Peer 1: 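Here you go, one structure.
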Amino acid sequence: MSLQDTLTELQADVLAQIDQTTELKSLNDIRVNTLGKKGPITEVLRGMKDLTAEERPVVGAFANEIRDNLQAAIETKKAALEAAALNAQLASEALDVTLPGHAVRKGNAHVIQQIIEQLEDQFIGMGYQIAEGPEVEEDKYNFEMMNLPKDHPARDMQDTFYITPEILMRTQTSPVQARTMEQHDFAKGALKMISPGRVYRRDTDDATHSHQFHQVEGLVIDKHITMGDLKGTLLAVAQELFGAKHQIRLRPSYFPFTEPSVEVDVSWGDVDENTKPEDIEWIEVLGAGMVHPNVLTKAGIDPEVYGGFAFGLGPDRFAMLKYGVDDIRNFYLNDVRFLSQFK
Ligand code: DAH
């Protein structure tokens with residue numbers, strides 16, 4: 001067999017191998033085996049020394065051509081295998097961006113906190129400061145300075161958790177009135193503050209009682225404050241929280257720290273100019289009054305010069321009314337299914 005025939009046969013054989021190869025590794029083996037130093041083409045070229053001077057360049061050129069063909073075939077196959085491998089990898093790592101994702105659950109402020117913040121915004125808008133006081137409080141501030149001396153029968157209205165005979169869990173936010181009045185510099189102007197916070201009573205928890213709940217205290221002290229100012233302020237609060245259609249009504253009441261004292265009702269249901277007074281439903285929402293002279297005196301303020309109004313409201317009760325919640329305990333069980341309704 002001539003060298004050309006051997007080379008032609010070799011080419012056909014190697015092309016068939018290349019064709020059948022499905023892996024880069026075996027393709028590389030073919031390249032090394034065929035085109036390498038110990039491969040058959042080198043072998044053939046080595047046999048050229050036996051050829052005549054005329055034959056040599058012809059066979060040499062033919063051998064080079066065969067080698068180039070095989071090299072090109074290997075490169076083409078290599079590119080094809082690499083492309084196939086890349087496609088396979090892409091297919092295996094493909095993401096289906098149309099699949100539904102896992103929703104991120106967003107929290108929300110507690111409903112009581114929302115009401116407190118709404119009130120804070122409103123009162124800050126009316127020029128009030130936000131004051132804070134301790135929840136573990138002195139008897140002096142919680143009771144005495146609020147005109148409730150030790151033997152005062154009105155102490156019975158507030159069952160108290162005592163820590164010592166003089167230290168207790170505050171039963172109301174009213175002590176913040178005394179603390180703020182003591183600190184206030186009237187040379188700088190009127191005292192206008194609200195104080196939201198937690199309060200504690202030795203009560204058995206049920207649908208309408210909780211041993212811990214919230215109050216927002218309000219206090220304004222200046223030289224010419226009237227009950228009209230109180231009424232206007234409370235009407236603004238009621239309409240902010242419940243809606244512009246609601247009206248308020250003041251009823252005489254008793255609190256040791258105010259004189260006169262009132263209980264404040266808010267109208268419920270739809271009320272307009274045609275509603276007969278006897279058809280209006282009233283719901284009690286808070287206590288208020290004109291600050292008692294004794295409270296001013298105890299805080300070092302001259303009641304002959306200064307006076308003002310105070311109120312105390314319960315955000316828990318407001319939330320119950322506003323959202324129709326019939327059990328106060330819902331606010332404290334921290335069941336997300338309940339709390340997430342108030343977004
Ligand atoms: N501290 C009272 C309570 O807990 C609520 C209250 C009533 C506060 C009248 C006041 C007020 O400031 O003027 O029952």
Side-chain angles (χ1 to χ4, degrees), residues 116 119 123 128-135 137-148 152-161 168-182 184 191-203 208-222 225-235 237-238 248-266 284-296 298-299 301 303 306-318 328:
I116 289 174
L119 285 166
F123 277 98
Y128 285 58
Q129 68 180 98
I130 312 290
E132 272 184 58
E135 291 174 25
E137 184 55 287
E138 293 173 46
D139 182 280
K140 172 181 140 191
Y141 289 107
N142 194 80
F143 290 131
E144 304 235 351
M145 287 186 71
M146 297 316 291
N147 201 28
L148 276 139
H152 199 290
R155 285 200 180 202
D156 285 352
M157 287 157 59
Q158 301 185 1
D159 285 335
T160 310
F161 289 120
L168 44 80
M169 301 305 291
R170 67 177 178 190
T171 58
Q172 50 186 356
T173 44
S174 302
V176 187
Q177 287 190 31
R179 288 179 172 276
T180 315
M181 277 188 277
E182 265 185 350
H184 190 73
L191 164 54
K192 297 165 81 179
M193 71 92 180
I194 62 164
S195 183
R198 272 187 277 269
V199 300
Y200 301 82
R201 303 264 173 107
R202 211 179 66 83
D203 263 331
T208 54
H209 295 85
S210 171
H211 62 282
Q212 177 251 288
F213 56 101
H214 297 80
Q215 285 188 342
V216 177
E217 195 77 15
L219 177 69
V220 171
I221 306 284
D222 202 357
I225 304 295
T226 70
M227 207 139 179
D229 298 317
L230 172 62
K231 192 171 180 188
T233 304
L234 295 178
L235 179 62
V237 170
I248 60 165
R249 163 177 95 168
L250 308 189
R251 274 181 297 106
S253 183
Y254 172 77
F255 297 103
F257 26 84
T258 44
E259 182 58 38
S261 301
V262 291
E263 257 160 355
V264 182
D265 299 338
V266 62
E284 186 199 322
V285 290
L286 60 91
M290 303 310 289
V291 178
H292 196 291
N294 286 354
V295 172
L296 294 168
K298 284 173 196 286
I301 298 169
Y306 289 97
F309 66 75
F311 60 87
L313 62 84
D316 305 67
R317 180 157 169 74
F318 273 49
I328 193 174

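Basis for what follows: all heavy atoms, side chains included, without hydrogens, waters or symmetry-related copies. Whatever order the structure lists ligands and atoms in, that order sets their numbers, starting from 1. Values in this document were obtained by computation on a predicted structure and should not be read as measured data. Residue numbers run from 1 in the order of the sequence given.
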Peer 1: Which atoms of ligand 1 have any heavy atom of Q177 under 4.0 Å away?
Peer 2: 12 (O)
Peer 1: State plainly whether the residues D139 and R170 are in salt-bridge range, i.e. N to O under 4.0 Å.
Peer 2: no
Peer 1: Just distances here: any N/O of G287 and N/O of ligand 1 closer than 3.5 Å?
Peer 2: no
Peer 1: Ring-plane angle category for H152 and Y254, please: parallel below 30°, perpendicular beyond 60°, tilted otherwise.
Peer 2: parallel
Peer 1: Output the list of atoms in ligand 1 that are nearer than 4.0 Å to some heavy atom of T258, sorted by atom number.
Peer 2: 13 (O)
Peer 1: Assess whether side chain to side chain contact (heavy atoms under 4.5 Å, CB included) is satisfied between Q177 and L219, documenting all intermediate values.
Peer 2: CA-CA 7 Å; Q177 287 190 31; L219 177 69; 3.7 Å; yes
Peer 1: Please name the residue in the list Y200, F143, F161 that meets the side-chain contact (heavy atoms from CB on, under 4.5 Å) test with T171.
Peer 2: F143
Peer 1: Using a strict 4.0 Å cut-off to heavy atoms of S174, name the atoms of ligand 1 that fall inside it.
Peer 2: 1 (N), 8 (C)
Peer 1: Under 4.0 Å, heavy atoms only, figure out whether ligand 1 is touched by the backbone of R201, its side chain, both or neither.
Peer 2: side chain
Peer 1: Using a 4.0 Å cut-off to any heavy atom of Q215, which atoms of ligand 1 qualify?
Peer 2: 3 (C), 4 (O)
Peer 1: Only heavy atoms of G289, strictly under 4.0 Å: list the atoms of ligand 1 that pass.
Peer 2: 13 (O)
Peer 1: Using the six-membered ring of Y141, assess whether NZ or CZ of R179 lies under 6.0 Å from its centre and within 45 degrees of the ring axis.
Peer 2: yes
Peer 1: Tell me which part of F257 gets within contact of ligand 1: side chain, backbone, both or neither, using heavy atoms under 4.0 Å.
Peer 2: side chain
Peer 1: Output the list of atoms in ligand 1 that are nearer than 4.0 Å to some heavy atom of A310, sorted by atom number.
Peer 2: 12 (O), 13 (O)
Peer 1: Counting each atom of ligand 1 from 1 as listed, which ones have a heavy atom of F255 under 4.0 Å away?
Peer 2: 7 (C), 9 (C)
Peer 1: Within the supplied structure, the quantity of interest is the number of heavy atoms (other residues, nucleotides, ligands) at a distance under 6.0 Å from E132 CD; does it exceed 12?
Peer 2: no
Peer 1: Does D159 pair with R201 as a salt bridge, N-O distance under 4.0 Å?
Peer 2: no
Peer 1: Between F311 and F123, is the ring pair (Phe, Tyr, Trp, His ring centres under 6.0 Å) condition met? List the steps.
Peer 2: CA-CA 13 Å; F311 60 87; F123 277 98; 5.7 Å; yes
Peer 1: Answer side chain, backbone, both or neither: which part of M157 comes under 4.0 Å from ligand 1, heavy atoms only.
Peer 2: neither
Peer 1: What is the closest protein heavy atom to atom 5 (C) of ligand 1, and at what distance does it sit?
Peer 2: G312 CA, 4.1 Å
Peer 1: Around atom CZ of R251, are there more than 12 heavy atoms from other residues, nucleotides or ligands closer than 6.0 Å?
Peer 2: yes
Peer 1: Note the single closest protein heavy atom to atom 1 (N) of ligand 1, along with its residue, its atom name and the distance in Å.
Peer 2: Q172 OE1, 2.7 Å
Peer 1: Check this for me - ligand 1, E217, N or O atoms closer than 3.5 angstrom, yes or no?
Peer 2: yes
